[in-house]
Student: 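Structure in structure tokens, see below.
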2 protein chains.
Amino acid sequence: MPLTLEDIAALSGTSRSTVSRVINGDHAVRETTRERVMTVLQSLNFQPNLAARGLAAGHTRVLGLVIPMGVSTIFTDPFFPMLIQGVSSACNACDYSVMLWLAEPEFERRTISKIFYNGLLDGVIVASMLTDDPIIEALGEGRLPFVLIGRNPSREQTCYVDVDNAQSSRQAVLHLLRLGRRRVATITGPQNMIGGIDRLQGYQTALRERGLPILPELVAEGDFTEMGGYIAMRQLLRARPDAVFAASDMMAIGALRALTEAGLRVPQDVSLVGFDDIPAAAHTAPPLTTVRQPTQRMGALAVETLIDRIENPTPEVCHLVLPAELMVRESCGTSLGLFH
Amino acid sequence: MPLTLEDIAALSGTSRSTVSRVINGDHAVRETTRERVMTVLQSLNFQPNLAARGLAAGHTRVLGLVIPMGVSTIFTDPFFPMLIQGVSSACNACDYSVMLWLAEPEFERRTISKIFYNGLLDGVIVASMLTDDPIIEALGEGRLPFVLIGRNPSREQTCYVDVDNAQSSRQAVLHLLRLGRRRVATITGPQNMIGGIDRLQGYQTALRERGLPILPELVAEGDFTEMGGYIAMRQLLRARPDAVFAASDMMAIGALRALTEAGLRVPQDVSLVGFDDIPAAAHTAPPLTTVRQPTQRMGALAVETLIDRIENPTPEVCHLVLPAELMVRESCGTSLGLFH
DNA sequence: GGAGTTTTTGGGAGCGCTCTCATACTATAG
DNA sequence: CTATAGTATGAGAGCGCTCCCAAAAACTCC
């Protein structure tokens with residue numbers, strides 16, 4: 001039988017209340033008593049029952065992490081694993097636990113509220129990348145603190161943590177333009193995903209800034225997978241681009257395959273830039289220039305923000321946007337390489 | 001304020017007990033009463049408090065999934081995401097929830113028991129791939145039902161679900177031998193991971209069966225990453241193998257890169273077989289022959305096994321070993337291609 | 001139509017904890 | 001050495017639920 005506070009109390013010659021105080025670090029306990037209780041606690045490796053504690057205290061120190069399934073990239077790129085990693089470590093560090101929910105697309109309201117309002121969670125982090133996610137709706141109605149990973153255009157009055165997709169995409173494309181490329185194509189992400197939209201927007205901004213037209217034949221939509229990138233690239237080939245900005249590394253890898261098959265050399269004939277900086281990006285031939293997202297950091301930041309909101313409730317919304325960094329490798333070439 | 005059973009009881013003109021019966025599907029409730037309660041329940045979208053339920057009932061319908069961090073492959077190959085997926089869907093289907101723990105290597109006993117014995121979990125699934133994982137130790141001492149993903153040689157008297165690594169590796173190597181290859185090399189996984197050990201063993205068995213010697217210069221250890229595969233392959237090159245069995249697709253991809261760089265053609269000069277069937281395996285050049293693991297299935301099976309043990313406690317240990325399937329693609333060539 | 005049987009219902013106890021409040025004990029000052 | 005403030009401790013209630021048992025209601029059947 002698991003031990004209870006009462007057992008510890010009996011063993012240390014004190015009361016349930018005192019043991020509870022010791023466990024929770026209440027300082028209204030005489031030093032000698034505390035030590036006596038501590039000894040028993042440690043020798044028996046006592047763990048308070050979280051269900052009971054949650055019930056009595058009204059909070060559980062458990063956070064929910066909701067990840068929408070049905071986003072095809074879940075298994076192909078390391079974004080979600082990294083995110084989970086970041087969230088999990090940050091929780092460990094703050095003495096919280098994580099409850100993971102992979103939200104299958106067919107979940108309806110009922111299931112969603114079951115997740116949120118079962119009293120086991122103090123707050124939720126939702127990694128929703130879809131513009132129209134029913135989960136976000138359900139969340140808005142509730143009274144549970146939450147933080148989004150990835151901004152949601154339809155709910156700007158909501159807390160979120162995001163990477164500056166538009167800005168860093170713009171930088172990536174500007175880099176290509178600075179190298180002298182003029183027919184810069186892009187392989188976008190799905191346009192029902194915020195990341196996909198924002199990265200395309202960054203591409204457009206960069207071209208517009210330099211007074212270049214946005215040609216429809218230089219824009220193809222991918223789905224963040226290698227295969228999607230390959231297909232999109234084959235389509236773009238007809239427009240004879242001299243550079244390609246792919247909205248994800250997996251798509252860039254697919255594009256690279258299509259380019260190689262078409263007998264084009266990267267970077268001599270076509271410059272290529274990806275997005276994400278997945279581990280494989282450094283090992284493609286040639287190594288891929290890409291935008292490094294602080295994915296783990298984003299997860300950790302979401303946790304910190306959420307915990308802060310749980311412990312200090314405030315109606316203020318907060319938006320944290322992290323910068324991303326361009327990792328210049330060989331796939332985009334150098335202006336030297338181009339002109340000499 | 002969240003609703004309670006008592007609220008629902010008042011609203012439907014009945015008692016707490018009856019509402020509880022309705023929620024839990026106890027059939028000792030008159031049909032008309034049930035309907036009355038159901039209406040209220042649904043119109044208010046009532047969710048029973050799981051902490052309270054757990055406390056009262058002594059179980060929570062929450063399973064823990066423990067994944068050891070510090071295994072470098074967590075982020076590079078889709079094994080863990082797939083596993084999480086399988087576990088999560090199976091839990092959803094059985095009306096259980098998953099609590100995810102990424103166990104950081106520096107976790108000590110104290111943290112571990114905090115995970116296990118906090119009363120929030122009805123059982124745990126541990127995806128421990130390491131031969132000497134302290135978590136397994138801690139688990140053995142406790143009274144919490146658990147199932148391992150991946151057998152553990154040091155604790156055979158423990159429930160586990162695993163894929164038949166040895167057998168399927170043997171099949172893969174036999175396939176290479178059947179194609180007429182005679183200098184079959186292998187890039188193994190880390191030898192402190194069970195999968196790494198078993199796959200090497202399968203390789204050895206196949207060679208031995210065909211009366212071939214196991215040459216040390218044809219065996220190189222990798223770490224399941226692309227880079228590891230690349231390095232191992234460069235080392236193996238000196239021994240002039242005519243085929244390579246890599247213990248993971250990521251390593252096979254690295255090997256492919258090394259082979260290509262060395263001017264060797266796959267499959268004409270060297271046949272290549274991987275393990276895992278990650279999505280990218282179908283899109284390498286040439287497409288990779290590989291062993292497809294039923295990873296999701298394994299996760300689901302672990303859940304089913306665990307739930308069964310929770311609901312019908314038994315001291316019997318059970319070992320479920322799933323077969324894997326060889327996906328023959330072009331990287332291994334055909335005997336026709338070799339002889340004509 | 002009443003005894004016996006079965007089905008349905010409500011109330012009480014209690015899961016293990018936290019929190020509040022009253023009490024007991026200790027220290028300081030008058 | 002008592003009054004006063006402060007500190008330490010224990011008892012009680014209660015969080016929202018399940019489980020058990022007894023009471024009530026609804027059926028049987030002679």
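Numbered from 1 within each chain, the chains take letters A, B, ... in sequence-line order. Note that the structure is predicted; figures quoted are calculated from it, not measured.
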Student: Is there a donor and acceptor pair, one atom on the side chain of B:Arg16 and one on the base of D:dT18, closer than 3.5 Å?
Tutor: yes
Student: Rounded to the nearest Å, what distance is computed from the CZ atom of residue A:Arg61 to the C1' atom of nucleotide C:dT18?
Tutor: 15 Å
Student: Does B:Arg53 place a side-chain N or O at less than 4.0 Å from the phosphate oxygens OP1/OP2 of D:dG16?
Tutor: no
Student: Check the distance between D:dT18's P and B:Ile23's CD1 and give it to me in whole angstrom.
Tutor: 7 Å
Student: Reckon A:Ser15 has a side-chain N or O less than 4.0 Å from the OP1 or OP2 of D:dA11?
Tutor: no
Student: What distance do A:Arg297 atom CZ and A:Glu304 atom CD have between them, rounded to the nearest 0.5 Å?
Tutor: 6.5 Å
Student: For B:Thr18, answer base if it contacts any base atom (sugar-phosphate contacts may also be present), sugar-phosphate if it contacts only those atoms, and nothing otherwise; contact means non-hydrogen atoms under 4.0 Å.
Tutor: sugar-phosphate
Student: Of B:Leu55 and B:Val29, whose nearest nucleotide on DNA chain C comes first from the 5' end?
Tutor: B:Val29
Student: Closest approach to the side chain of A:Arg21, judged atom by atom: which nucleotide of D:dG16, C:dT9, C:dC21 is it?
Tutor: C:dC21
Student: Provide, to the nearest angstrom, the distance between the CG atom belonging to B:Asp7 and the P atom belonging to D:dG16.
Tutor: 8 Å
Student: Would you mind reading off the bend of the helix from C:dG1-D:dC30 to C:dG30-D:dC1 from its two end axes, five pairs each, to 10 degrees?
Tutor: 40°
Student: Between B:Leu139 and B:Thr158, is a side-chain contact (heavy atoms from CB on, under 4.5 Å) present by the stated rule, with each step listed?
Tutor: CA-CA 10 Å; B:Leu139 222 32; B:Thr158 266; over 6 Å; no
Student: Before giving the answer on side-chain hydrogen bond (donor to acceptor under 3.5 Å, both in side chains), spell out for B:Asp122 and B:Thr60 the whole-Å C-alpha distance, their side-chain angles and the decisive distance to 0.1 Å.
Tutor: CA-CA 6 Å; B:Asp122 284 354; B:Thr60 55; 3.2 Å; yes
Student: With nearest nucleotides of DNA chain C determined for A:His59 and A:Ala52 from heavy-atom distances, which residue corresponds to the more 5′ nucleotide?
Tutor: A:Ala52
Student: Think B:Arg309 forms a cation-pi with B:Phe146, using NZ or CZ under 6.0 Å from the six-ring centre and within 45 degrees of its axis?
Tutor: no
Student: Output all residues satisfying salt bridge (Lys or Arg N to Asp or Glu O under 4.0 Å) with A:Glu316, sequence neighbours left out; order by chain, then residue number.
Tutor: none
Student: Grab the CG-C1' distance between A:Leu5 and C:dT18 for me, whole Å please.
Tutor: 9 Å
Student: Go through it in stages, so that I can follow the logic: the residues are A:Glu35 and A:Thr39, the test is side-chain hydrogen bond (donor to acceptor under 3.5 Å, both in side chains), and I'd like the CA-CA distance, side-chain angles, deciding distance and then a yes or no.
Tutor: CA-CA 6 Å; A:Glu35 274 162 24; A:Thr39 314; over 6 Å; no
Student: Looking at the side chain of B:Ser17, which of D:dG10, C:dG11, C:dT18 is the nearest nucleotide?
Tutor: C:dG11
Student: Under 4.0 Å between a side-chain N or O of B:Thr14 and OP1 or OP2 of C:dG10?
Tutor: yes
Student: Does a side-chain heavy-atom distance below 4.5 Å link A:Ile8 with A:Val22?
Tutor: no
Student: Is there a side-chain polar atom (N or O) of A:Ser20 under 4.0 Å from OP1 or OP2 of C:dC19?
Tutor: no
Student: With a 4.0 Å limit, can you tell me whether A:Asn24 has a side-chain N or O closer than that to the phosphate oxygens OP1/OP2 of C:dT18?
Tutor: yes
Student: Write down the atom of B:Asn49, the atom of A:Gly119, and the distance for their closest heavy-atom approach.
Tutor: ND2-CA, 4.2 Å
Student: With a 4.0 Å cut-off on heavy atoms, is A:Ala28 in touch with a base, just the backbone sugar-phosphate, or nothing at all?
Tutor: base
Student: B:Asn118 CG to C:dG16 P: how many Å, rounded?
Tutor: 14 Å
Student: With respect to the side chain of A:Arg30, which nucleotide from C:dT8, C:dG16, C:dT26 is positioned closest?
Tutor: C:dT26
